[in-house]
Amino acid sequence: MLLLLLACSDYELAQSADVSAGDSCPSLDRDPYAVTVDDTCIAEPTVGTFDPVIEWQWDSNPLAPGYDDIMSTAAIGNLTDDDGDGDIDDDDIPDIVFATFSGGAYTSPGAITAISGDGTVTLFSSLTIDGHGIYGSSGIAIGDLEGDGIPEVCGAGTAASVVCYSVRDGRAELKWAAGTDLYYVGCPSLADMDGDGLSEVIMGRSVYDFQGNLVGTGEYGVGRYMTFAVDMDADGQLEVVSGNAVYEADGTALWTDGGTDGIPAVADFDLDGRPEHVRAGGGAVTVQSLDGSFYWETTIPGGGTGGPPTVADFDGDGLPEVGVAALSYYTVFDTDGAILWSNPVSDYSSSVTGSAVFDFEADGDAEVVYADEHTLWIFEGATGAVLMAQEGHASGTLFEYPLVADVDNDGSTEIIVTSNDYAYAGWNGVTVIGDANASWAPARPIWNQFAYHISNVENDGGVPQVQTENWLTWNSFRAGGTELGPSNWLPDLAVGGIDLCDVECDRDEVVVSFAIENRGLLPVEEHRVEVGEGREVLDIGSGDAVYTQEYRRTKDEWGESLTVSVEALSNECGLSDNSRSFTWPCD
């Protein structure tokens, strides 16, 4: 509980003189103080059913006929103001963006294509936009690079390393194209590396600013052109994570081990609060701390190179595991590198496909979603038991993996899988699968890039100015979840103490501010606080206390007691501490 405070004088319940020594409360400038969090503040989950059905498919391209094969990971985010409120945000229907190719020419120029997440509209599809196009197997990144409310879409260019398009009214226009290092399956990522409110674009070992100017290029690995940025060294600035090196934004190497330049991820395996570097490539998975204090390397069963590593708590033990697909097996490695389970699959085309993880039924048990050359699989995370083997999918395969998102904004999660039928008979285009009873747990409306890790993007497509350290809350990579934390977390709001200043008892007038605490696990946004007849909106994180605005009150306005309350929330741990009354401080 907050101690009662006074700007320059002790607080006394009986005052007869003016004890004010300041003009305003310091509350608005004070940082939140720490509150003890109740770890038991969780909800009993509403367990859903597991009855997957195909909701819809997009298998022909009305705007670019013939360009309807996909062999890359799509991206999901809001591009259009569907509800007409003037903003593009998470109240709108998400959109799906991907590269398409025709006739097996996936290493040639393709069509950058966007469709509505409910499958009703193809927004745009073009081989070139203002003279610049992307490869037919390019990865996609979606985000608002400069915070102006206009989303950008970036891909691997055919004439430049990175091409970024702005999307206005559902139509794409060239923003910029930069770089000369070309790679047909390049997957750009977005991050505000210097915290200036403007996003950088990362491709391989190069960093470009929001206008396409080169910031820096590293000397070592490119991470198969699937790099990303997090704060690896806790210096408050993000670094580029590649397959065998970590770079500052200007290209200076923070760390390199000279090993295989595989596909990277990060998570905290030894639970020391700092992330470990994870990579898959060369037929092995490697996990290591940058200082060498934690390390293991394990060969992937069944041969092959190894695709993008997925990190999550597969078995519910509170520790991260790593899932990797290769030539003929999908394998989950335990926290120490031992094999947790391994299932036969078929990826002879590339042996570098990937996966996503999500707890669809909200029963505490995660599921793995993976697509090989012929089958869309769902495995039980803890055991590898086959929960679904959906035939019909086809792919010649590269680095693609299915996504998990609430793609139609209906409150229930869907699986989004891309397919192509140039090498094998089966689906092409996009297939969206949901639960027949729409009972799957809520997920975010966004999965904005290949190197997705929840905290790298906001629900509305904004790129965070300060990126939350994913490993401290979710400790996952390429795994689904909500932006606030696990779906069974709850807030617990309480009225804390009173902050007094300008206490003018001889005039029967005081200026006060009040502390509002969150003792629950879940941060809350836009909860309402009522002070007498005044109301305001505050955001408050887990384990924090924030202060209301200043209120000037006379004795008559105060009355016998002044009641401060937080508007009751139906999904809160308890309501007994949501209201508190304070007596007049001067008598």
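Residues take their numbers from the sequence shown, with the count starting at 1.
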Please assess Ile76 against Leu403 for the test side chain to side chain contact (heavy atoms under 4.5 Å, CB included), listing each intermediate value before the final yes or no. CA-CA 9 Å; Ile76 298 169; Leu403 305 183; 3.8 Å; yes
Derivation of the side chain to side chain donor-acceptor pair (under 3.5 Å) call for Ser412 and Asp410: CA-CA 6 Å; Ser412 180; Asp410 66 349; 5.0 Å; no
Worked check of side chain to side chain contact (heavy atoms under 4.5 Å, CB included) between Asn78 and Asp89: CA-CA 6 Å; Asn78 283 301; Asp89 55 27; 5.9 Å; no
Applying side chain to side chain donor-acceptor pair (under 3.5 Å) to Thr310 and Ser355, what does each step give before you reach the verdict? CA-CA 6 Å; Thr310 297; Ser355 63; 3.0 Å; yes
Is there a side chain to side chain donor-acceptor pair (under 3.5 Å) between Asp347 and Ser351 once you walk through the steps? CA-CA 5 Å; Asp347 187 15; Ser351 76; 5.6 Å; no
Are Asp268 and Glu276 close enough, and set up right, to give a side chain to side chain contact (heavy atoms under 4.5 Å, CB included), and what steps lead you there? CA-CA 5 Å; Asp268 183 4; Glu276 275 71 53; 3.5 Å; yes
Checking Gln449 against Ile142 for the side chain to side chain contact (heavy atoms under 4.5 Å, CB included) test, could you report, in this order, the C-alpha distance in whole Å, the side-chain angles of both residues, the deciding distance, and whether it holds? CA-CA 7 Å; Gln449 61 188 31; Ile142 299 174; over 6 Å; no
Would Ser346 and Glu373 satisfy side chain to side chain donor-acceptor pair (under 3.5 Å), going step by step from the backbone distance to the final call? CA-CA 6 Å; Ser346 177; Glu373 295 165 327; 2.7 Å; yes
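Here the OG atom belonging to Ser125 is positioned 3.5 Å from the CG atom belonging to Asn61, to the nearest 0.5 angstrom. Taking CG of Asn420 as the start and OG of Ser349 as the end, the distance is 8.5 Å to the nearest 0.5 Å. Rounded to the nearest 0.5 Å, atoms OG (Ser166) and CG (Asp130) are 10.0 Å apart. Taking CG of Asn475 as the reference point, atom CG of Asn470 lies at 7.0 Å (rounded to 0.5 Å). Taken from CD in Glu361 to CG in Asp51, the straight-line distance is 10.5 Å, to the nearest 0.5 Å. Atom OH of Tyr106 sits about 5.5 Å away from atom CG of Leu398, to the nearest 0.5 Å.
Evaluated for a ring pair (Phe, Tyr, Trp, His ring centres under 6.0 Å) with Tyr401, the options Phe450, Phe477, Tyr370 yield exactly one hit, Phe450. Screening Tyr135, Tyr183, Tyr184 for a ring pair (Phe, Tyr, Trp, His ring centres under 6.0 Å) involving Tyr225 leaves a single residue, Tyr183.
Panel note: side chain Asn448, backbone Gly143; no donor-acceptor pair is recorded below 3.5 Å. Looking only at distances, no side-chain donor or acceptor of Thr227 sits under 3.5 Å from a matching main-chain atom of Met203. Between the Asp92 side chain and the Asp83 main chain, a donor and an acceptor come within less than 3.5 Å of each other. Panel note: side chain Ser138, backbone Gly136; no donor-acceptor pair is recorded below 3.5 Å. Proximity of a side-chain donor or acceptor of Thr100 to a complementary backbone N or O of Asp68 within less than 3.5 Å is not detected. A donor-acceptor contact shorter than 3.5 Å is absent between the side chain of Thr80 and the backbone of Asp82. A distance-only check finds no donor-acceptor pair linking the side chain of Asp81 to the backbone of Ile88 [under 3.5 Å]. Side-chain atoms of Thr413 come within 3.5 Å of backbone atoms of Ala441 as a donor-acceptor pair (strictly under, hydrogens ignored). Without hydrogens or angle criteria, Asp372 side chain to Leu376 main chain gives no donor-acceptor distance under 3.5 Å. Checking side-chain atoms of Trp474 against main-chain N and O of Ala312 turns up no donor-acceptor pair under 3.5 Å.
Identified under the disulfide bond (SG atoms under 2.5 Å apart) test for residues 132-162, with sequence neighbours left out: Cys154-Cys164. Legend: ring-ring contact (aromatic ring centres under 6.0 Å, His included) pairs involving residues 53-77, not counting sequence neighbours, sorted by first then second residue: Trp58-Phe98.
Residues Leu387 and Glu367 form a side-chain contact, since some pair of their non-hydrogen atoms from C-beta on lies under 4.5 Å apart. Looking at Phe210 and Glu200, their side chains never come closer than 4.5 Å, going by heavy atoms from C-beta outward. Taking 4.5 Å as the limit, every side-chain heavy atom of Trp377 sits out of range of all side-chain heavy atoms of Met388. Residues His393 and Thr375 have side chains not in contact (no heavy-atom distance under 4.5 Å, counting atoms from C-beta outward). Side-chain contact between Glu400 and Ser395 is present, with at least one heavy-atom pair separated by less than 4.5 Å. Between Arg279 and Val285, the closest side-chain pair of non-hydrogen atoms is not below 4.5 Å. A heavy-atom distance below 4.5 Å is found between the side chains of Met71 and Phe101. At a threshold of 4.5 Å between non-hydrogen side-chain atoms, the residues Val430 and Ile115 count as touching.
Using cut-offs of 30° and 60° on the angle between ring planes, the pair Trp440 and Phe360 is tilted. Using bins of under 30°, 30° to 60° and over 60° for the plane-to-plane angle, the ring pair His453/Phe228 lands in the tilted bin.
In summary, the side chains of Tyr348 and Ser328 do not present any donor paired with an acceptor at a separation below 3.5 Å, with no hydrogens or angles considered. Side chains of Asp181 and Ser161: no donor on one and acceptor on the other come within 3.5 Å. A donor atom on one side chain and an acceptor atom on the other are found under 3.5 Å apart for Ser439 and Thr49.
When every heavy atom of Thr418 is checked against every heavy atom of Ala74, the shortest pair comes out as CG2-CB, 4.1 Å. Here the closest heavy-atom approach between residue Tyr452 and residue Ile446 is recorded as OH-O, 3.8 Å. Between Thr331 and Ser342 the shortest heavy-atom distance is OG1-OG, 2.7 Å. Minimum heavy-atom separation, Val97 to Leu79: CG2-CD1, 3.7 Å. The minimum heavy-atom distance linking Ser419 with Trp427 is given by the pair CB-O, 3.4 Å. Taking every heavy atom of both residues into account, Gly381 and Trp341 meet most closely at O-NE1, 2.8 Å.
At most 12 heavy atoms of other shown residues, nucleotides or ligands fall within 6.0 angstrom of atom OH in Tyr329. Residue-environment remark: CG (Asp169) stays at or below the threshold of 12 foreign heavy atoms within 6.0 Å.
Comment: Glu146 engages Lys175 in a salt bridge, judged by a side-chain N to carboxylate O separation of less than 4.0 angstrom.
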